[in-house]
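Below is the structure I would like to discuss, written out as structure tokens.
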Protein chains: 2
Amino acid sequence: MTKAAAATPHDHAHCIASALAQADTLCEQRGARLTKNRRRVLELVWQSHAPVGAYELLERLREDGLSAAPPTVYRALEFLMSQGLVHRIETRNAFVGCPQPQHEHEAQYLLCEACGDAVEIDVGGVRRRIEALAAQHGFTVTAQTIEARGLCRRCQPADA
Amino acid sequence: MTKAAAATPHDHAHCIASALAQADTLCEQRGARLTKNRRRVLELVWQSHAPVGAYELLERLREDGLSAAPPTVYRALEFLMSQGLVHRIETRNAFVGCPQPQHEHEAQYLLCEACGDAVEIDVGGVRRRIEALAAQHGFTVTAQTIEARGLCRRCQPADA
DNA sequence: TATGAACTGTTATGCTATAACAAAATCGGC
DNA sequence: GCCGATTTTGTTATAGCATAACAGTTCATA
Ligand SMILES: [Zn+2]
Ligand SMILES: [Zn+2]
Ligand SMILES: [Zn+2]
Ligand SMILES: [Zn+2]
């Protein structure tokens, strides 16, 4: 790990297992093919709650002894994102698993600059507010990126 | 130009002149050194309202006959951003001039996917809403990136 | 004009992402 | 099961974005 451990201690094995199980179910339902590679990349993405770069995933794949090149990873990520199983963190050029892949959505994120964790949130109405204001400019919104950086609960300075 | 012309026809020469004049004044006031290179990069950034990549700026600098390498551009951009004269568009790895550099602020952007233009907006209260929700998660926000993509007024499909 | 601080030049390198094409696996109809 | 069409994967090469490191220059000011 290049970053500190996950901000919130918890049964992370459960996070991983749950994410993979959901992915299996969803892809089954949708007739999408969660192939071995794709599933493995998803599992690697879920190794932590901190977004992970494509080339770090590539290293992990290679540690498996697999033959892998950048397109291997990027294709898998493209598929996983198309299925809503993974989101891209624009301000980090990195990827993180989605805990709520059942319903399609764009995620909003809190990104801890100390431990690296990404927390997906839903700031109710914010997207609609932005769409409404955009409309006043004659602008039709099709996608939004909302990412906040700062310090998570566990990484607050001690004098808080 | 690699993109279509600016979405809104207007006296863009005025945009450029105004931006440079404001930059001169602000840097003067602040004792910041708006050197020749930095001023030239700012002028180049302002050639359009569409965010421009660092390497495109580099090309333009070289067309001036100047010796320039990537750090030349990135250093200038770093300075201009530190002075609030330029904002970075995360979802495009590109940079755009700020029309309101007097007061320090983080910008929110509408990005047209057709003509490339970036419109800086202020969605009142959205940042505070996000900060408030973050606080509920024990999260202290220090910076936010809010970028919406879609179609600007002039780029709407004809059947609208 | 000496001196330190800020800025710039230059070379090299690292990280992120995709193009292009060949090979293999998978699926559906026969 | 076999075959052609489609999808996925392998492989090589390259494009695009950003910074490290160090040397040289300019600038403010004492
Ligand atoms: Zn977990
Ligand atoms: Zn943290
Ligand atoms: Zn203009
Ligand atoms: Zn447009």
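Not measured: the values here are computed from a predicted model. Each chain gets a letter, A, B and so on, in the order its sequence line appears, and its residues count up from 1.
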Gap between atoms CG and C1', on Leu61(B) and dT10(C) respectively (whole Å): 15 Å
Nearest-angstrom distance from the residue atom NZ of Lys36(A) to C1' of dA25(C): 13 Å
Whole-Å gap separating C1' (dC17(D)) and CZ (Arg88(B)): 8 Å
Glu120(A) side chain to Gln100(A) side chain, donor-acceptor N/O pair below 3.5 angstrom: no
Closest listed nucleotide, where the reference is the side chain of Pro71(A) and the choices are dA17(C), dT12(D), dA18(D): dT12(D)
Atom-to-atom span, CZ of Arg92(B) to P of dA18(D) - whole angstrom: 14 Å
Minimum heavy-atom distance Val45(A)-Val96(A), with the two atoms named: CG1-C, 3.6 Å
Pair of N/O donor and acceptor under 3.5 Å linking dA20(D) base with Tyr74(B) side chain: no
Phosphate-side-chain proximity, Asn93(A) and dA17(C), N/O vs OP1/OP2 below 4.0 Å: yes
Sugar-phosphate, base or nothing in reach of Arg33(B), heavy atoms under 4.0 Å: sugar-phosphate
From dT8(C), dT9(D), dT16(C), nucleotide with atom closest to Asn37(B) side chain: dT8(C)
Whether His137(A) side chain and Ile121(B) backbone form a donor-acceptor pair below 3.5 Å: no
Nearest listed nucleotide, side chain of Ala69(B), among dT11(D), dT11(C), dA6(C): dT11(C)
Rounded distance (Å) that lies between atom P of dT16(C) and atom CD of Glu90(B): 14 Å
Stepwise side chain to side chain contact (heavy atoms under 4.5 Å, CB included) test for Gln144(B) and Glu147(A): CA-CA 6 Å; Gln144(B) 295 185 33; Glu147(A) 297 175 9; over 6 Å; no
side-chain N/O Arg38(B) vs dT8(C) OP1/OP2, d < 4.0 Å: yes
Residue whose nearest DNA chain C nucleotide is more 5′ - Tyr55(B) or Ala32(B): Ala32(B)
Geometric class of the His12(B)/His49(B) ring pair [parallel <30°, tilted 30-60°, perpendicular >60°]: perpendicular
Atom pair distance, as rounded to whole Å: CD in Glu59(B) and C1' in dC17(D): 14 Å
Comparing Pro70(B) and Thr72(A) on DNA chain D - which has the more 5′ nearest nucleotide: Thr72(A)
Euclidean distance, atom CD of residue Glu78(B) to atom P of dT8(C) [Å, nearest integer]: 12 Å
Selected nucleotide, minimal atom distance to Thr35(B) side chain, candidates dG10(D), dT8(C), dA17(C): dT8(C)
Side chain of Arg75(A) - closest among dT16(C), dC7(C), dC21(C): dC21(C)
